[in-house]
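First, the structure itself, so that you have it in front of you.
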Amino acid sequence: MSRPISATLHLSALSHNLSIVRRHAGAAKIWSVVKANAYGHGLARIWQALDATDGFALLDLNEAIMLREQGWQGPILLLEGFFRTQDLALVDHYRLTTVVHSDWQLDAINAARLTAPPNIYLKLNSGMNRLGFPIGQADAVWQWANSISNIGEVTLMSHFANADNHMGASEQFTRIQQASGHIAAARCFANSAAILRNPETHYDWVRPGIILYGASPSGDVNDIAGIGLRPVMGLHSEIIATQMLSAGHSVGYGSRYSATGTQRIGVVACGYADGYPRLAPSGTPIRVDGILTHTVGSISMDMLTVDLTPCPQAQVGSKVEIWGDNLPIDDVAAAAGTVGYELMCALASRVSVITERT
Ligand SMILES: *Cc1c(COP(=O)(O)O)cnc(C)c1O
């Protein structure tokens, strides 16, 4: 018997979420963002559930090649561009669309010997200050890119730093409009949060990631309530032992939790080596036999401990939902001081995965 922890992936939820995104995106085409191995879900096992997308966006050349080898013939966008000049041979061979964010990349494309001119996404830095040409150079870079015969279509791209929080996307969007509003190009700006909140930013292509997987861009599950997204990933395990603590007795490393009275504790086969956040404090939500309870004490490598007071019937073998349909990953992440994105991406390779079509 293998350890009882497993992740379940609902492929129908993924297809369903894509259709919800499509409804919000209006006429814009959709780059389904599948970087980081599809946010930890496993690109090879899930991409076909997204085959109604217009393109896939990712940043690892190996993932792009894998998609081509598995039969995806539509557009693929490299979100961080190519990293070395010699990568252009693969961009060419596999017909990839690449972000261009630096001068050297334009020079490299200009000098390369290619079988066909690749389409590029000209990345403008409108305030995120990671990748991109200074927004004030939009005109000059646009003209430069268009003067290179080795380049096919040029799309303007930028990325919002605050679309998911109270600051919003409008300051950056104003900057983008002022610097590039007059340029006759296709445009691609919106991430998940801007797809839901800022229809004025949608234009020709949008780039949803987290909402495809059914979690919230802001980390607050209330922000996606009512739009009908379904969680794709569920993480489940079982109680493998129980303990009865007396008043003053503690549980786990560092004795970080002590019972104030007699308290029944369940030991769950799930720890940080499975991807559970080690810093989740006592009180992080979890479901045992369908009943909402919480963790107590430190998260260990392979185990965590839960309060069984609300579920006295629980015993060895009781089902535990760590996150999923009945417990939003956003709620677990919020309690642990992180975001659903990180928890999904952290799902460990030792956790067996069950792929469900329904
Ligand atoms: C990851 C990423 C996205 C998707 O972001 P979500 O918040 O998951 O929608 C979009 N654009 C770029 C450039 C990204 O790196």
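What you see is a predicted model; the values in this text were computed from it and never measured. Atoms within each ligand, like the ligands themselves, are counted from 1 in listed order.
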Purely on distance, is any nitrogen or oxygen of G209 under 3.5 Å from one on ligand 1? yes
Heavy-atom pair of closest approach, residues L106 and A145: CD2-CB, 4.2 Å
Among all protein non-hydrogen atoms, which one is nearest to atom 7 (O) of ligand 1, and what is the separation to 0.1 Å? Y341 OH, 2.6 Å
I151 to P117 - nearest heavy-atom pair and separation: C-CB, 3.6 Å
Which of the numbered atoms in ligand 1 are below 4.0 angstrom from a heavy atom of Y39? 1 (C), 4 (C), 5 (O), 6 (P), 8 (O)
Please determine which of L43, V33, L79 meets the side chain to side chain contact (heavy atoms under 4.5 Å, CB included) test together with L58. L43
I want to know if ligand 1 touches K123 in the polar sense, i.e. an N/O pair below 3.5 angstrom. no
For the pair D302 and R350, find out whether any cationic side-chain nitrogen is under 4.0 Å from an anionic carboxylate oxygen. yes
For ligand 1, which atoms, with element, lie under 4.0 Å from some heavy atom of I210? 6 (P), 8 (O), 9 (O)
At less than 4.0 angstrom from any non-hydrogen atom of M157, what atoms of ligand 1 do you find? 13 (C)
For N191, is at least one N or O under 3.5 Å away from an N or O on ligand 1? no
So if you build clusters from Ile, Leu, Val, Met, Phe, Trp, Tyr with side-chain heavy-atom gaps below 4.5 Å, do V251 and Y276 land together? no
Would you mind checking which non-hydrogen protein atom is closest to atom 11 (N) of ligand 1, with the distance to 0.1 Å? R207 NE, 2.8 Å
With nothing but distance in play, are any N or O atoms of V33 less than 3.5 Å from an N or O of ligand 1? no
Quick one: closest heavy-atom pair of S32 and T53, and the distance? OG-OG1, 2.8 Å
Side chain, backbone, both or neither: which applies to H159 and ligand 1 if a contact is any heavy-atom pair less than 4.0 Å apart? side chain
Tell me whether the centres of the aromatic rings in Y121 and W31 are closer together than 6.0 Å. yes
Under a 4.0 Å heavy-atom limit, does S192 contact ligand 1 with its side chain, its backbone, both, or neither? both
Closest protein heavy atom to atom 3 (C) of ligand 1, given as residue, atom name and distance to 0.1 Å: K35 NZ, 3.8 Å
Distance flag, aromatic centroids of F82 and W104, threshold under 6.0 Å: yes
